[in-house]
Amino acid sequence: MKKKVILYTDGACSGNPGLGGYGGILSYKDVSREYSGSEISTTNNRMEITAVIVGLQKLKYPCIVEVYSDSAYTVNAFTNGWIYSWLKNGWKKADGKAVLNVDLWQELYNLTKIHEVAFHKVAGHADNPMNNRCDELARSAIKQLRATLPPDFEESQNTENNILND
């Protein structure tokens, strides 16, 4: 019999793209484990998906997992069936354009083949203590990453992005 696990996740980004962080809380019975991480140049959507991927990867055995996220992008991909259409259409959207973040979607899809996963949307930055804690973990990961970078790093990245986007 598979064990039932609760997974709360959140992602954050300082700039979009910019420094990003993710956080999560895995709970089984009365035991909870927090995790977080960061990336130098990423987007909020990538961090939201990464938070779920990392949580699922931490499970040692196939489990029943209830995922709670404030990311409509992540939750709706499964609850609205978008991911199954993307897969069927060679990772292209209904308009024929390539799905963004396909590397992460493929990884997350593969993990949902190992675990029985149900996705639930929660209101972000509201009265949900678990979601708020995940947000704190994600923002703290960004802060810790920022502390390891040269003082002018973000400014130089913004200048580079502006040149590339003009």
Side-chain angles (χ1 to χ4, degrees), residues 2-84 86-87 91 98-126 128-149 153-154 157:
K2 292 183 182 176
K3 295 175 176 158
K4 185 173 179 180
V5 175
I6 305 296
L7 173 58
Y8 274 84
T9 65
D10 199 16
C13 212
S14 180
N16 205 16
L19 300 180
Y22 61 85
I25 304 169
L26 278 164
S27 299
Y28 174 68
K29 294 187 179 181
D30 61 346
V31 177
S32 292
R33 298 282 187 261
E34 295 181 344
Y35 63 90
S36 63
S38 59
E39 292 184 15
I40 287 180
S41 181
T42 190
T43 64
N44 189 67
N45 283 338
R46 287 188 68 81
M47 293 292 88
E48 295 281 4
I49 301 166
T50 298
V52 179
I53 290 170
V54 171
L56 294 175
Q57 288 173 334
K58 289 185 174 295
L59 299 172
K60 295 178 183 178
Y61 311 103
C63 296
I64 297 168
V65 185
E66 300 288 332
V67 174
Y68 294 86
S69 172
D70 64 8
S71 169
Y73 179 62
T74 304
V75 172
N76 290 346
F78 288 89
T79 59
N80 293 347
W82 302 341
I83 196 156
Y84 309 109
W86 298 338
L87 179 64
W91 296 101
V99 172
L100 296 176
N101 306 309
V102 70
D103 58 327
L104 297 178
W105 287 121
Q106 289 171 336
E107 178 67 20
L108 182 52
Y109 175 77
N110 289 335
L111 288 164
T112 66
K113 296 305 193 190
I114 296 169
H115 305 286
E116 293 177 39
V117 182
F119 288 85
H120 307 280
K121 174 77 170 70
V122 297
H125 311 285
N128 186 314
M130 298 291 274
N131 180 256
N132 290 342
R133 178 61 184 148
C134 290
D135 182 62
E136 289 172 12
L137 291 167
R139 294 187 182 286
S140 178
I142 293 171
K143 187 177 179 181
Q144 290 172 13
L145 175 61
R146 185 176 281 127
T148 69
L149 299 172
F153 179 82
E154 287 181 271
Q157 292 298 300

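Values reported hereafter were calculated over all heavy atoms of this structure, with side chains retained and with hydrogens, waters and symmetry mates removed. We count residues from 1, following the sequence as given. Predicted model, so just to flag it, every value in this text is computed and none were measured.
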Indicate yes or no for a side-chain donor-acceptor contact from Tyr35 to the backbone of Gly55 under 3.5 Å, with no hydrogens or angles considered. yes

Are Asn16 and Met47 packed together at the side-chain level, in the sense that at least one heavy-atom pair is separated by less than 4.5 angstrom? no

Which atom names give the shortest non-hydrogen contact between Val31 and Arg33, and what distance separates them? CG1-NH1, 3.3 Å

How close do Cys13 and Gly15 get, counting heavy atoms only, and between which atoms? SG-O, 3.0 Å

Just jot down the side-chain contact (heavy atoms from CB on, under 4.5 Å) partners of Ala141, sequence neighbours excluded, or say none. Ser36, Ser38

In terms of heavy-atom contacts, His115 and Cys63 come closest through ND1-N, 3.0 Å

Give, for atom CZ of Phe119 and atom CG of Leu108, the distance between the pair rounded to the nearest 0.5 Å. 4.5 Å

Any side-chain heavy-atom pair of Ile40 and Leu19 under 4.5 Å: yes

What verdict does the side-chain contact (heavy atoms from CB on, under 4.5 Å) test give for Asn45 and Leu100, after you've listed the backbone C-alpha separation in whole Å, the side-chain angles of each residue and the deciding distance to 0.1 Å? CA-CA 9 Å; Asn45 283 338; Leu100 296 176; over 6 Å; no

Would you say Phe78 and Thr112 make side-chain contact, with heavy atoms under 4.5 Å? yes

Check the pair Glu48, Leu104 against side-chain contact (heavy atoms from CB on, under 4.5 Å), reporting the backbone distance first and the verdict last. CA-CA 10 Å; Glu48 295 281 4; Leu104 297 178; over 6 Å; no

Is the distance between the ring centroids of Trp105 and Trp86 under 6.0 Å? yes

Spacing of NZ belonging to Lys143 relative to CD belonging to Glu136, to within rounding of 0.5 Å: 11.5 Å

So Leu59 and Leu111, side-chain contact (heavy atoms from CB on, under 4.5 Å) or not? Walk me through it. CA-CA 10 Å; Leu59 299 172; Leu111 288 164; over 6 Å; no

So among Val75, Asp135, Asn132, Asn131, which one has a side-chain contact (heavy atoms from CB on, under 4.5 Å) with Asp70? Asn131

Do Glu107 and Gln57 make a side-chain contact, defined as non-hydrogen atoms from C-beta onward lying under 4.5 Å apart? yes

Atom OG1 in Thr9, atom CG in Leu26: separation rounded to 0.5 Å? 10.0 Å

Closest heavy-atom contact between Gly23 and Ala51? O-CB, 3.8 Å

Which residues pass the ring pair (Phe, Tyr, Trp, His ring centres under 6.0 Å) test with Tyr68, not counting sequence neighbours? Tyr8, His120

To the nearest 0.5 Å, tell me how far Tyr22 OH sits from Arg46 CZ. 12.0 Å

Ile49 CD1 to Thr42 OG1 distance, which is reported to the nearest 0.5 Å: 9.5 Å

Any chance NZ of Lys58 has more than 12 other-residue heavy atoms, nucleotides or ligands included, within less than 6.0 Å? no

Measure the spacing between CE of Met130 and CG of Leu7 and express it to the nearest 0.5 Å. 9.0 Å

